[in-house]
Amino acid sequence: MDISLLTPEKDPMGQAIAEYFEKGKASRLRVFSSQFEEDEIPVHQLFRSTKQMPTIERTALELAYGRILDVGAGAGCHAIALQEKGKDVYAIDISPLAVETMLKRGVRKAMQINLFDEHFCESFDTIMMLMNGSGIVGRLENLPAFFQRMKQLLCPEGCILMDSSDLRYIYEEEDGSFAIDLAAGYYGEVDFKMQYKNIVGNPFNWLYIDFQTLSYYAAEYGFKAELLKEGEHYDYLARLTLG
Ligand code: SAH
């Protein structure tokens, strides 16, 4: 697994987050992918309040308990919401500027840490991965390493709260059938690259996973997957526990 951290000159999302925090506005955070048209991440959405969050995320906030790890915490919206509810949350992110901004925003425990770096070895009751949190796993082939890492970080009774989307709708034909090229690998594996102003990040893999595939892999590696909530557009919240 890749255990690297970003540096400020290769951290477009962190730059966008830092600028939005300082100035209350940001330029376009552009997203490129070989599979999709160019897109943008609305930077203000990374600063969403609990009220502005989709039901899936609010459900995750309600269910999170004990020592909570917020993985890929970004601007810290979930960490802040949990802290305000008096919960004990530790936010990690590979982006130096996201972490710096979280600390400035009052997140008490925020550290620049890569989830897969085994030097980080604490235990948590809840591991939260939100805003298509499965993305951090990168590719299906990384799922074994991911589940192994979760076993190191989770308390025996602990749980992972993760959201994702089934990307099959992108391949849906007008007649309702799916034009998915099975030989091309799993359809939820996406490559992305981001740009903010003249700061261009390195390309990275991002995994969107349908619930059935997630449960299949989870079972294979000793976890039980539950579908807690479905969103409005092929998105869902899952809870994974040691089975
Ligand atoms: N959870 C936040 C941000 C989602 S964007 C929200 O819902 O608003 C995904 C975040 O994951 C980015 O900030 C990115 O820097 C971080 N990230 C990506 N790979 C990571 C890894 N291996 N370990 C920790 N954080 C990671």
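Both ligands and their constituent atoms are indexed starting at 1 by order of listing. Every heavy atom of this structure was used, including side-chain atoms; hydrogens, water molecules and symmetry mates were not.
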List the atom pairs, with distances to 0.1 Å, where a side-chain N or O of residues 225-234 and a protein N or O form a donor-acceptor pair under 3.5 Å, not counting sequence neighbours.
| unit_1 | atom_1 | unit_2 | atom_2 | d |
| --- | --- | --- | --- | --- |
| Glu226 | OE1 | Arg239 | NH2 | 3.2 |
| Glu226 | OE2 | Arg239 | NE | 3.1 |
| Tyr234 | OH | Glu172 | OE1 | 3.3 |

Identify all N/O pairs between ligand 1 and the protein with a separation under 3.5 Å and present them as a table of atom names and distances.
| unit_1 | atom_1 | unit_2 | atom_2 | d |
| --- | --- | --- | --- | --- |
| ligand 1 | 1 (N) | Gly72 | O | 2.7 |
| ligand 1 | 1 (N) | Leu130 | O | 3.3 |
| ligand 1 | 7 (O) | Arg48 | NH2 | 2.7 |
| ligand 1 | 8 (O) | Arg48 | NH1 | 3.1 |
| ligand 1 | 8 (O) | Arg48 | NH2 | 3.4 |
| ligand 1 | 13 (O) | Asp93 | OD1 | 3.2 |
| ligand 1 | 13 (O) | Asp93 | OD2 | 2.7 |
| ligand 1 | 15 (O) | Asp93 | OD1 | 2.6 |
| ligand 1 | 22 (N) | Asn114 | OD1 | 3.0 |
| ligand 1 | 23 (N) | Leu115 | N | 3.0 |

- Does CD in Gln212 sit with more than 12 non-hydrogen atoms of other residues, nucleotides or ligands closer than 6.0 Å?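 Open.
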- Greater than 12 external heavy atoms within 6.0 Å of Glu157's CD: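 Open.
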Could you pull out every donor-acceptor pair under 3.5 Å between side chains of residues 102-110 and any protein atom, sequence neighbours left out?
| unit_1 | atom_1 | unit_2 | atom_2 | d |
| --- | --- | --- | --- | --- |
| Lys104 | NZ | Glu22 | OE2 | 3.0 |
| Arg105 | NH1 | Ala75 | O | 2.7 |
| Lys109 | NZ | Asp88 | OD1 | 2.7 |

- Task: Any pair with a residue in residues 68-88 that passes ring-ring contact (aromatic ring centres under 6.0 Å, His included), sequence neighbours left out, goes on the list, sorted by first then second residue, please.
- Result: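 For residues 68-88, and leaving out neighbouring residues, there are no ring-ring contact (aromatic ring centres under 6.0 Å, His included) pairs at all.
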- Message: Less than 4.0 angstrom from a charged side-chain N to a carboxylate O is my criterion; do Lys197 and Glu19 meet it?
- Response: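 Looking at Glu19 together with Lys197, the answer is yes, because their closest N to O distance falls below 4.0 Å.
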